[in-house]
K.L.:
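Structure incoming, see below.
Counting starts at 1 for both ligands and their atoms, in listed order.
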Amino acid sequence: MLLRLHPRLAPEQLQLVLETAAELGLHGTFEDANRSLMRLTGEPGPAARSRFADLAVVKAVLEFDDAPELHERQGRADLEVRIGEARFGGGHVAVAAGPCAVENLDRLVEVALAARNAGATLLRGGAYKPRTSPHSFQGLGERGLELLAEARAVTGLPVVTEVLDPRDIERVGAACDMFQVGARSMGNSALLSELGAFGKPVLLKRGIAATVREFLLAAEYVLLGGNEQVILCERGIRSFDTTTRNVLDLGAVAHLKRATHLPVVVDPSHAAGRSDLVRPLARAGIAVGADGLLVETHPLPHLALSDGSQAISEAEFQGLMADVEALVGLDGRTLSKPDTSRAGATPVRG
Ligand code: PEP
Ligand code: MN
């Protein structure tokens with residue numbers, strides 16, 4: 001590891017660097033007469049890069065290849081995350097679909113069956129909704145979790161749903177197969193650490209103005225808690241242009257597939273903000289190497305309680321899935337298929 005230090009440091013400032021090195025089990029030696037380039041020997045752990053970058057006397061961490069963070073690929077094969085029939089990564093592609101928010105049982109089961117019949121292997125749907133305005137529909141909360149559990153029982157589709165508050169982790173965890181951490185919560189390190197300890201897979205969405213490094217460090221919180229099952233979700237970032245709701249950062253997807261072993265999925269719905277652009281963005285996401293998609297679908301998009309303008313209908317979703325299947329086949333990957341043996345019986349009403 002190599003550090004560039006600010007020139008003409010006072011002895012106590014140099015001492016701070018050496019002490020930090022010692023604390024991390026490293027030994028520092030100067031490479032130059034000006035004492036501005038320090039080489040660290042020893043076995044730097046994942047904390048080294050961030051610890052040194054935090055010190056005001058360190059101008060830059062120049063080489064850190066020998067201090068891998070947990071999210072770094074480091075020559076590893078793709079991590080494959082399996083949730084029911086859905087397999088993300090390692091040459092497997094899976095699609096999660098469903099409404100932005102859980103609205104009522106009939107609609108949820110209808111959308112889940114349509115998603116499953118078109119090839120989705122996970123049901124998405126928010127019970128706790130992170131809305132920009134506190135006046136907007138905030139989701140059904142606990143009732144929404146019950147409806148998700150019922151839709152799962154009827155369709156056999158595992159569920160991914162958002163957790164907003166660390167106090168809800170147990171409750172949401174009992175109803176879901178994968179936690180979603182939304183864009184607005186990406187920087188909530190307390191939530192991420194708790195999810196690291198809980199142990200269920202986590203779908204982590206990129207913050208609306210987060211750099212790729214910040215995104216990866218958010219994943220690092222979950223990994224550091226001992227949970228390896230993290231899926232990264234690119235859902236578009238904010239730009240000066242409002243033609244689309246966000247700008248889908250396909251370059252970041254291509255980069256992430258190289259930089260990390262974690263699966264990467266694309267959410268074309270929140271990137272587009274418009275139903276007519278969801279299919280082409282989904283195609284682009286798979287073509288650039290994404291291991292899956294998260295898509296908002298609704299039987300009656302014009303009646304949806306949230307994000308209706310980006311929801312696609314059953315027929316549109318079928319078209320999207322046909323594209324995904326063709327693209328996945330082109331590069332020798334496999335599209336996860338739902339277990340359709342469960343008929344989709346009438347839900348039991350309580
Ligand atoms: C969602 O998936 O409905 C959602 C709120 O997404 P994001 O956190 O990406 O805005
Ligand atoms: Mn939404």
K.L.:
Measure the distance from atom 6 (O) of ligand 1 to every protein heavy atom, then report the residue, atom name and distance (to 0.1 Å) of the closest one.
P.N.:
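Going atom by atom, the protein heavy atom closest to atom 6 (O) of ligand 1 ends up being Lys205 NZ, 2.9 Å.
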K.L.:
Is the closest side-chain donor-acceptor distance between Glu103 and His298 under 3.5 Å?
P.N.:
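Result is yes, a qualifying pair exists.
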K.L.:
Just by distance, with hydrogens left out, do Asp339 and Ser341 show a side-chain donor and acceptor under 3.5 Å apart?
P.N.:
yes
K.L.:
Regarding His270 and Glu296, is there a side-chain donor-to-acceptor distance under 3.5 Å anywhere?
P.N.:
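Yes - a donor-acceptor pair under 3.5 Å links their side chains.
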K.L.:
Return the residue, atom name and 0.1 Å-rounded distance of the protein heavy atom closest to atom 4 (C) of ligand 1.
P.N.:
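Answer for atom 4 (C) of ligand 1: His270 NE2, 3.3 Å.
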K.L.:
For the Mn ion (ligand 2), what is the closest N, O or S atom on Glu296?
P.N.:
OE2
K.L.:
Looking at ligand 1, does Gln180 have a heavy atom less than 4.0 Å from it?
P.N.:
yes
K.L.:
By number and element, which atoms of ligand 1 are closer than 4.0 Å to a non-hydrogen atom of Lys129?
P.N.:
1 (C), 3 (O), 5 (C)
K.L.:
Identify whether the distance between the nearest side-chain nitrogen and carboxylate oxygen of Arg107 and Glu110 falls below 4.0 Å.
P.N.:
no
K.L.:
Nearest N/O/S atom of Asp307 with respect to the Mn ion (ligand 2), by atom name, please.
P.N.:
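The closest N, O or S atom of Asp307 to the Mn ion (ligand 2) is OD2.
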K.L.:
Taking N or O atoms only and a 3.5 Å limit, does Arg124 qualify as a polar contact for ligand 1?
P.N.:
yes
K.L.:
Before accepting this row, confirm whether a basic side-chain N of the pair Glu23/Arg51 lies closer than 4.0 Å to the acidic partner's carboxylate O.
P.N.:
yes
K.L.:
May I ask you to test the Pro263-Glu80 pair for a side-chain heavy-atom distance under 4.5 Å?
P.N.:
no
K.L.:
With heavy atoms of Glu296 as the reference, note each atom of ligand 1 found under 4.0 Å away.
P.N.:
1 (C), 3 (O)
K.L.:
Got the closest protein heavy atom to atom 9 (O) of ligand 1, with its distance?
P.N.:
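Going atom by atom, the protein heavy atom closest to atom 9 (O) of ligand 1 ends up being Arg235 NE, 2.6 Å.
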K.L.:
With heavy atoms of Ala183 as the reference, note each atom of ligand 1 found under 4.0 Å away.
P.N.:
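Result: 7 (P), 8 (O), 9 (O).
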K.L.:
Establish, yes or no, whether a centroid distance under 6.0 Å links the rings of Phe198 and Phe179.
P.N.:
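Between Phe179 and Phe198, which both carry aromatic rings, the centre distance is below 6.0 Å.
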K.L.:
State if Cys100 counts as touching ligand 1 under the rule of any non-hydrogen atom under 4.0 Å.
P.N.:
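Yes.
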K.L.:
Does any N or O of ligand 1 fall below 3.5 Å from an N or O anywhere on Gly182, backbone included?
P.N.:
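No.
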K.L.:
Report yes if the side chains of Arg87 and Thr334 come closer than 4.5 Å at any heavy-atom pair, otherwise no.
P.N.:
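In short, these two side chains do not touch, never coming nearer than 4.5 Å.
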